[in-house]
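Being a predicted model, the structure only gives us computed values, none of them experimental.
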Amino acid sequence: MKINGGIITDKLAETRAFYMDQLGFQVTFDSDWFCLLHCPGNPKSEVAFLTPHHPSQGELFQKPFKGDGVFFTIEVDNVDEVYAKIRAKGVNIALDIRDEEWGDRHFAVTDPNGIGIDFVTHNPRS
């Protein structure tokens with residue numbers, strides 16, 4: 001079993017561009033009303049974006065996301081390296097890089113839909 005997330009958004013083009021140009025995601029599938037993107041180097045880790053009110057979709061997939069209460073965590077081998085690359089692209093950092101008492105090192109950005117994206121390297125304490 002695996003899980004992938006999906007967001008219904010009026011900002012499909014802007015969202016696609018943000019994930020691809022700023023975060024390095026790649027296209028798994030793309031159309032004018034739906035795109036499925038995967039993490040750099042991991043085609044099994046995907047997120048989907050869908051335009052609202054598309055006639056091919058049932059009622060469950062019609063209403064757009066309102067921008068609150070959702071975040072993604074992306075685990076990376078070297079969070080400092082990812083932080084430097086994303087900052088160099090001019091992406092606004094919503095939570096500056098920091099170490100947590102439980103050992104994680106992370107930072108966060110926000111996508112065009114208001115979704116928090118937390119980049120983390122896990123460093124469990126012994």
Asker: Between Asp111 and Asn113 (side chain of the first, backbone of the second, donor and acceptor by atom type, cut-off under 3.5 Å), is there such a pair?
Answerer: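 Such a contact is found between Asp111 side chain and Asn113 backbone.
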Asker: Looking only at heavy atoms, what is the nearest atom pair of Gly24 and Pro40, with distance?
Answerer: O-CG, 3.2 Å
Asker: Is it the case that one hydrophobic cluster holds both Val91 and Phe25, taking links as side-chain heavy atoms less than 4.5 Å apart, direct or via other members?
Answerer: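 In one cluster: yes.
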Asker: Should Thr121 and Tyr83 count as side-chain neighbours, where that means a heavy-atom distance under 4.5 Å?
Answerer: no
Asker: Would you indicate whether the side-chain heavy atoms of Phe34 and Gln57 approach each other to under 4.5 Å?
Answerer: no
Asker: Would you compute the distance between atom CG of Leu95 and atom CZ of Phe71 and round it to the nearest 0.5 angstrom?
Answerer: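 Output value for this atom pair is 12.0 Å.
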Asker: Closest heavy-atom contact between Asn123 and Asp104?
Answerer: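 Asn123 and Asp104 have their closest heavy atoms at N-OD1, 3.8 Å.
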Asker: Measure the spacing between CD1 of Ile97 and CG of Asp80 and express it to the nearest 0.5 Å.
Answerer: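 Reported to 0.5 Å precision, the distance equals 4.0 Å.
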Asker: Quick check: does any side chain N or O of Gln62 sit under 3.5 Å from a backbone N or O of His53, one acting as donor and the other as acceptor?
Answerer: yes
Asker: What distance do Leu50 atom CG and Thr15 atom OG1 have between them, rounded to the nearest 0.5 Å?
Answerer: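 Rounded to the nearest 0.5 Å, the CG-OG1 separation comes to 11.5 Å.
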Asker: Any side-chain heavy-atom pair from Thr9 and Thr51 closer than 4.5 angstrom?
Answerer: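 No, every pair of side-chain atoms sits at 4.5 Å or beyond.
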Asker: Are the side chains of Ile8 and Lys63 in touch, meaning some heavy atoms are under 4.5 Å apart?
Answerer: no
Asker: How close do Val70 and Ile7 get, counting heavy atoms only, and between which atoms?
Answerer: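 Where Val70 meets Ile7 most closely, the heavy atoms are CG1-CD1, 4.3 Å.
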Asker: Nearest 0.5 angstrom please: Asp96 CG to His106 NE2, how far?
Answerer: 10.5 Å
Asker: If you round to the nearest 0.5 Å, how far is CG of Leu36 from CG of Asn4?
Answerer: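 If we round to the nearest 0.5 Å, Asn4:CG and Leu36:CG are 7.0 Å apart.
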Asker: Above 12 or not: heavy atoms from other molecules or residues under 6.0 Å from CG of Asp68?
Answerer: no
Asker: Quick check: do Asp118 and Phe72 have side-chain heavy atoms less than 4.5 Å from each other?
Answerer: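 They are not in contact (no side-chain heavy atoms under 4.5 Å apart), so the answer is no.
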Asker: Counting heavy atoms not belonging to Arg87, are there more than 12 under 6.0 Å from its CZ?
Answerer: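 Not buried by this count: 12 neighbours or fewer within 6.0 Å.
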Asker: Write down the atom of Ile86, the atom of Leu23, and the distance for their closest heavy-atom approach.
Answerer: CD1-CD2, 3.6 Å
Asker: Could you state the interatomic distance from SG (Cys35) to CZ (Phe29), rounded to the nearest 0.5 Å?
Answerer: 10.0 Å
Asker: Would you say Val120 and Val79 make side-chain contact, with heavy atoms under 4.5 Å?
Answerer: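 They are not in contact (no side-chain heavy atoms under 4.5 Å apart), so the answer is no.
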Asker: Could you check whether any side-chain heavy atom of Gln26 comes within less than 4.5 Å of a side-chain heavy atom of Met20, counting everything from C-beta outward?
Answerer: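 In short, these two side chains do not touch, never coming nearer than 4.5 Å.
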